Amino acid sequence: MLELKSITKKFANKVVLNSVNLRLQRSQILFVLGRSGVGKSVLLKTIVGLIPQDRGEVWINGEKTDPLNEEKMVTVRQKCGLVFQMPALLDSLTLQENLEFGLEGNQKSGLRKYLDWVQLSEGVLSRYPSEVSFGTQKKVSVVRTLLREPQFILFDEPTTGLDPVSREVTNQMIRNVVKESETGCVVVSHDIQSAIELANSIMLLDEGRVVFEGTPEAFRNSDQGLIRSFCKGMVVLDA
Ligand SMILES: Nc1ncnc2c1ncn2[C@@H]1O[C@H](COP(=O)(O)OP(=O)(O)O)[C@@H](O)[C@H]1O
Ligand SMILES: [Mg+2]
């Protein structure tokens, strides 16, 4: 179980996260929705200790993390893999070399299986990042995370900026990864349609606070003004 208790984070005088609570079991997908700049990326970075919270606690499988203890945070980052919005591969290395970078020998054993999960052919791995599509680079970055055998995966805007086909491929990949690996996933996004298709539960952030938490169905049926305006956005997408 991944649990955030009352996480608060301020930058200068702006409260970005205000007492945010979150609970996620393995094999579950939680979507955290909210407009740009609301603090979604900050939330994910807080979980892995890249940004220390001002107040509140992060618990992973019954153990409290400590962002001030770098050694312990290395273990946390192993348990919670963060997949950044941009794949951030090293240009001068092949995809294979990118995957193997910094790995212990015994961590390479799952490679074939993970390639299968994200539907990537082994042949493509001899190429360089600049020679493959953005979607392929993203898949590689997901495999890079899977190789570390995380129990939770945090996806930062996995579908933002993708065309509809790549978006569907990405969503299918997330579904597959959760099914096969039984990891719990936090997906932060403003892609409400993906949330409704994939999520077991949805959280909506606004002005630092969680303003909705529930099932996709409850989200769709909610008459909260902010949710309605999010859903209108979806209708436009549908059209
Ligand atoms: N390292 C930082 N220092 C100062 N302000 C930051 C930092 N990271 C994020 N912020 C601010 O926190 C707010 C939330 O940012 P972010 O989490 O990136 O939003 P989003 O929901 O779009 O991912 C923004 O106002 C951003 O400017
Ligand atoms: Mg962001």
Side-chain angles (χ1 to χ4, degrees), residues 2-22 24 29-58 65-68 70 73 76-77 80-89 134-135 137-138 141-142 144-145 150 152-163 166-167 170-171 173-174 184-196 198-199 201-213 216 219 224-234 236-237:
L2 170 67
E3 199 173 4
L4 308 191
K5 298 182 183 175
S6 262
I7 293 291
T8 296
K9 179 69 196 175
K10 250 188 349 193
F11 288 115
N13 279 328
K14 192 178 167 209
V15 181
V16 174
L17 302 173
N18 192 349
S19 257
V20 171
N21 295 309
L22 172 161
L24 176 70
I29 303 178
L30 167 71
F31 262 71
V32 179
L33 296 175
R35 356 173 199 230
S36 279
V38 81
K40 302 182 298 296
S41 297
V42 170
L43 185 73
L44 296 187
K45 288 177 185 162
T46 305
I47 297 174
V48 297
L50 290 176
I51 293 180
Q53 67 269 27
D54 298 329
R55 275 191 288 119
E57 297 170 354
V58 178
T65 70
D66 179 2
L68 300 178
E70 187 50 37
M73 289 316 289
V76 168
R77 283 181 206 121
C80 287
L82 175 55
V83 179
F84 291 96
Q85 192 171 350
M86 293 298 158
L89 302 176
F134 183 73
Q137 293 182 34
K138 280 197 92 146
S141 77
V142 173
R144 186 173 55 182
T145 301
F152 298 96
I153 304 184
L154 317 173
F155 286 97
D156 197 350
E157 310 233 12
T159 58
T160 300
L162 297 186
D163 61 81
S166 312
R167 183 166 158 276
T170 302
N171 286 342
M173 174 185 76
I174 295 174
C185 281
V186 181
V187 183
V188 311
S189 182
H190 50 247
D191 179 354
I192 178 181
Q193 199 171 326
S194 294
I196 285 178
L198 288 187
S201 56
I202 293 179
M203 245 171 70
L204 178 63
L205 283 181
D206 193 44
E207 297 185 352
R209 293 192 178 271
V210 178
V211 295
F212 172 89
E213 205 179 349
F219 187 84
Q224 244 173 283
L226 184 63
I227 296 179
R228 294 309 341 139
S229 60
F230 256 84
C231 289
K232 268 191 210 130
M234 183 183 69
V236 173
L237 275 180

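Numbering of ligands and ligand atoms starts at 1, following listing order. Remember, predicted model here, so these are calculated numbers, not experimental data.
- The nearest protein atom to atom 18 (O) of ligand 1, hydrogens excluded, is given as Ser41 CB, 3.7 Å; this is a heavy-atom distance.
- Formation of a donor-acceptor pair under 3.5 Å by the Arg144 side chain with backbone atoms of Leu89 is not found in this model.
- The environment of Arg228 atom CZ is dense: over 12 non-hydrogen atoms of other residues, nucleotides or ligands sit within 6.0 angstrom.
- Checking only distances, Phe11 never comes within under 3.5 Å of ligand 1, N or O to N or O.
- Counting only heavy atoms, the protein gets under 4.0 Å from atom 6 (C) of ligand 1.
- Residue contacts to the Mg ion (ligand 2): Gln85 brings no N, O or S atom closer than 2.8 Å.
- Side-chain N or O atoms of Asp54 include one that pairs as donor or acceptor with a backbone N or O of Lys10 at under 3.5 Å.
- For ligand 1, the atoms sitting less than 4.0 Å from at least one non-hydrogen atom of Ser36 are 22 (O), numbered in the order shown with element in parentheses.
- At most 12 heavy atoms of other shown residues, nucleotides or ligands fall within 6.0 angstrom of atom CD in Glu207.
- Proximity of a side-chain donor or acceptor of Thr8 to a complementary backbone N or O of Ser19 within less than 3.5 Å is detected.
- Every N/O-N/O distance between Ile51 and ligand 1 stays at or above 3.5 Å.
- Residue Lys14 places a heavy atom under 4.0 Å from ligand 1.
- A cation-pi arrangement, defined by a distance under 6.0 Å to the six-membered ring centre and an angle within 45 degrees of its axis, is absent between Lys138 and Phe134.
- In terms of protein heavy-atom proximity, atom 20 (P) of ligand 1 is closest to Gly37 N, 3.4 Å.
- With sequence neighbours excluded, the residues satisfying ring pair (Phe, Tyr, Trp, His ring centres under 6.0 Å) with Phe212 are Phe219.
- In terms of protein heavy atoms, atom 17 (O) of ligand 1 is closest to Val42 N, 2.9 Å.
- Between Val38 and ligand 1, at least one pair of N/O atoms sits closer than 3.5 Å.
- In this structure, Gly34 falls outside the shell of residues with a heavy atom less than 4.0 angstrom from ligand 1.
- Side chain of Arg77 to main chain of Val48: a donor-acceptor pair is present (N/O by atom type, distance under 3.5 Å, no hydrogens or angles).
- At a distance under 4.0 Å, a protein heavy atom can be found next to atom 10 (N) of ligand 1.
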